[in-house]
Amino acid sequence: MESKMNYSRHRRLRSSKAMRSIVRETTLQPEDFIYPMFVVEGEQIKNEVPSMPGVYQLSIDQLKEEIEAIVSLGIKAIMLFGVPSEKDEQGTGAFTHEGIVQKAIRSVKATFPELLVVADTCLCEYTTHGHCGVIENEDVHNDLSLPLLAKTAVSQAEAGADIIAPSNMMDGFVITIRNALDANGYEHIPIMSYAVKYASSFYGPFRDAADSTPQFGDRKTYQMDPANRLEALREAASDVEEGADFLIVKPALAYLDIIRDVKNNVNVPVVAYNVSGEYAMVKAAAQNGWINEKELVLEKLTAMKRAGATLILTYFAKAAAEWLNE
Ligand code: PBG
């Protein structure tokens with residue numbers, strides 16, 4: 001018999017739902033997600049963020065109700081952002097015992113001891129100028145900002161945070177925070193560093209949610225230039241060397257190449273931050289009936305994992321977990 005091998009039959013492995021499911025290379029599960037949440041002072045407060053439908057600023061009581069729901073969906077971790085009612089030049093609200101995040105962490109951990117609480121460690125929500133550190137000569141001063149970040153991290157660990165996530169992009173923030181945590185008996189608390197964080201227009205809606213828009217200038221002297229790829233590898237390498245236990249790449253969707261590069265170059269878990277602007281775009285299109293939200297969201301979250309993310313910080317965590325559990 002003559003063989004008539006002429007082309008590859010790729011469609012054999014796509015022929016049915018079951019066939020596709022046994023050869024699938026990337027899967028999503030609720031454990032992959034970290035749910036970012038915004039906490040405010042007060043009681044019974046649930047303010048929807050206008051540019052982020054379905055995302056709320058919550059008072060602690062409401063936060064706990066929401067957490068009850070997400071825990072039952074199988075989500076294992078949240079990230080907390082505080083929106084204080086008062087701000088000052090130094091951002092002292094970030095590191096006081098009675099700070100909004102410190103109170104929220106204590107309350108959440110008392111009710112949900114198993115849930116992992118990741119504390120975003122930054123100053124921009126707490127400073128009057130909206131920048132992520134101490135201002136000198138119209139710019140954020142690197143070394144003067146580090147001790148404030150260290151204080152913030154220690155106060156968050158003291159309140160019961162399970163993971164510290166410094167996001168202000170100062171050089172040396174990982175080693176500074178590592179040393180401060182260790183010196184205060186928190187050597188067991190991991191650091192999830194926003195190692196590769198671009199100066200991105202995709203953060204706009206977050207700044208509404210967290211009330212953290214810079215009051216002058218921008219963040220381009222501390223966050224990265226979106227044009228750069230090798231710089232991401234330098235940022236990743238130095239953070240690992242300084243002791244980071246996880247690395248965040250942010251934003252995610254327009255930076256899948258960077259997620260893959262970082263994944264190929266480090267041996268710690270890589271976390272993709274699917275940021276506010278990425279969320280807002282999908283929501284706007286869905287509200288117009290222009291896309292299928294469920295399919296699109298699951299597709300893009302899968303793409304982030306395929307690119308190399310072990311975990312995904314996403315405002316879609318709750319919805320995606322619901323869809324995956326269906
Ligand atoms: C704090 C911080 C920001 C985000 C996370 N942590 C804002 C910023 O850098 O301006 C953005 C998250 C998002 O857009 O979803 N520095």
Side-chain angles (χ1 to χ4, degrees), residues 33-39 49-57 78-84 87 91 93-95 100-101 118-127 129-135 140 142 145-146 148-149 152-153 156 161 163-170 173 177 191-226 235 246-255 271-283 297 300-301 304 309 311-318:
F33 308 134
I34 303 173
Y35 193 30
M37 304 181 86
F38 300 95
V39 60
V49 180
S51 51
M52 300 179 75
V55 172
Y56 302 86
Q57 294 179 332
I78 63 165
M79 177 176 268
L80 271 187
F81 292 98
V83 188
K87 300 175 191 257
F95 45 83
I100 179 63
V101 157
V118 185
D120 179 89
T121 305
C122 196
L123 302 175
C124 60
E125 298 104 297
Y126 303 90
T127 53
H129 46 75
H131 277 287
C132 303
V134 176
I135 298 294
V140 177
N142 197 85
S145 304
L146 292 174
L148 301 187
L149 278 185
T152 303
Q156 292 168 334
I163 300 177
I164 297 298
S167 68
N168 89 334
M169 290 295 281
M170 291 303 110
F173 69 176
I177 289 173
I191 295 177
M192 180 183 284
S193 172
Y194 286 73
V196 181
K197 178 172 177 179
Y198 287 90
S200 171
S201 301
F202 285 99
Y203 309 152
F206 172 93
R207 293 175 188 170
D208 294 341
D211 187 23
S212 64
T213 307
Q215 297 304 301
F216 64 88
D218 52 39
R219 305 209 202 286
K220 290 182 183 163
T221 68
Y222 45 109
Q223 300 182 349
M224 290 171 54
D225 183 338
E235 281 280 3
F246 304 79
L247 298 188
I248 299 176
V249 175
K250 176 183 173 195
L253 204 52
Y255 296 81
V271 185
Y273 199 143
N274 175 212
V275 299
S276 58
E278 301 172 38
Y279 177 86
M281 292 193 305
V282 172
K283 281 291 181 186
V297 169
K300 72 170 190 160
L301 296 174
M304 290 166 201
L311 291 161
I312 306 170
L313 273 153
T314 180
Y315 306 98
F316 284 114
K318 185 182 179 192

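What's counted below: heavy atoms across the whole structure, side chains too, no hydrogens, waters or symmetry copies. Both counts, for ligands and for their atoms, begin at 1 and track the order of listing.
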Margin query: My understanding is that only one of Leu123, Val101, Asp120 makes a side-chain contact (heavy atoms from CB on, under 4.5 Å) with Thr152; could you say which?
Written below: Leu123

Margin query: If I compare all heavy atoms of Glu235 with all of Met224, which pair ends up nearest, and what's the gap?
Written below: CG-SD, 3.8 Å

Checklist line | Of Phe38, Tyr279, Tyr273, the residue whose pairing with Phe206 passes ring pair (Phe, Tyr, Trp, His ring centres under 6.0 Å) | finding: Phe38

Next item on the list: Just jot down the salt bridge (charged side-chain N to carboxylate O under 4.0 Å, His left out) partners of Lys300, sequence neighbours excluded, or say none.
Entry: none

Next item on the list: Starting at NE2 of His131, measure out to OG of Ser145 and round the result to the nearest 0.5 Å.
Entry: 11.0 Å

Next item on the list: Write down, by chain and number, every protein residue that brings a non-hydrogen atom to less than 4.0 Å from an atom of ligand 1.
Entry: Phe81, Asp120, Cys122, Cys124, Cys132, Ser167, Tyr194, Lys197, Phe202, Tyr203, Phe206, Arg207, Arg219, Gln223, Lys250, Tyr273, Val275, Ser276, Tyr315

Notebook entry, point to check: So which heavy atom on Val118 is nearest to which on Ala165, and how close?
Noted result: CG1-CB, 3.7 Å

